[in-house]
Asks: 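I'd like to ask some things about the structure below.
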Amino acid sequence: LVCDVSAVAMDWLPSGKPLVVTEPASPEVVTTRTPMLDVVPRLSHLDAADADRVLALVTEQLERDPTAPRRAELVEHYLGDVAPGAATARFVDACSWVIEARDAEWARVSAHGPAGP
């Protein structure tokens, strides 16, 4: 995948396939450093004269995929377990935790008032 700096890149990571990120052409745009942008190759300030460089970069990624091991680490870093159902289980667990915390706070406030003990 060749894409801009967006959520598309993050969505692509679990695919395990090569990724190249383009940098904004405008010098006013500031792109912060992130673990993903430190790993994946980037294309910047392209014009027609850069076609050979782009082709060489994309060919290398497709044929050798040199960033594959580090991208796999990024999947764990950003997303954790990506097995089917894992994200849903984490979401349900987080919701349960929030509900329990709310119920505990409601019980405390009901028993002692907002100032509480």
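These values consider heavy atoms only, across backbone and side chains, with no hydrogens, waters or symmetry-generated copies.
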Asks: Given 3.5 Å as the limit, does a donor-acceptor pair link the side chain of T67 with the main chain of R70, or not?
Replies: no
Asks: Should L1 and M10 be regarded as members of a common hydrophobic cluster, given that ILVMFWY residues are connected when their side-chain heavy atoms come within less than 4.5 Å of each other, either directly or indirectly?
Replies: yes
Asks: Taking all non-hydrogen atoms of both residues, which atom of P66 and which atom of P69 are closest, and how far apart?
Replies: O-CD, 3.9 Å
Asks: Show me the pairs that pass salt bridge (charged side-chain N to carboxylate O under 4.0 Å, His left out) and involve residues 72-98, at least two apart or across chains.
Replies: none
Asks: Would you find a donor on one side and an acceptor on the other, under 3.5 Å apart, between the side chain of R71 and the backbone of K17?
Replies: yes
Asks: Answer yes or no: is there a side-chain heavy-atom contact under 4.5 Å between W12 and V40?
Replies: no
Asks: How long is the span from the CG atom in L57 to the CG atom in L62, to the nearest 0.5 Å?
Replies: 9.5 Å
Asks: How would you list, by chain and number, every residue that makes a salt bridge (charged side-chain N to carboxylate O under 4.0 Å, His left out) with E60, sequence neighbours excluded?
Replies: R64
Asks: Could you list the residues that satisfy side chain to side chain contact (heavy atoms under 4.5 Å, CB included) with T88, not counting sequence neighbours?
Replies: V92
Asks: Taking V8 as the starting point, is it possible to reach V75 by hopping between hydrophobic residues whose side chains are less than 4.5 Å apart?
Replies: yes
Asks: Quick one: closest heavy-atom pair of L74 and L13, and the distance?
Replies: CB-CD1, 4.1 Å
Asks: Could you check if a side-chain atom of L19 sits within less than 4.5 angstrom of a side-chain atom of C3, using non-hydrogen atoms only?
Replies: yes
Asks: Using 4.0 Å as the upper bound for N to carboxylate O, is an ion pair formed by E105 and R108?
Replies: yes
Asks: For the residue pair L37 and R42, what are the closest heavy atoms and their distance?
Replies: O-NE, 3.5 Å
Asks: Rounded to the nearest 0.5 Å, how far apart are OH of Y78 and CE of M36?
Replies: 5.5 Å
Asks: Do E23 and V29 come within less than 4.5 Å of each other through their side chains, counting heavy atoms only?
Replies: no
Asks: Kindly compute the distance separating CG (L79) from CG (D11), expressed to the nearest 0.5 Å.
Replies: 8.5 Å
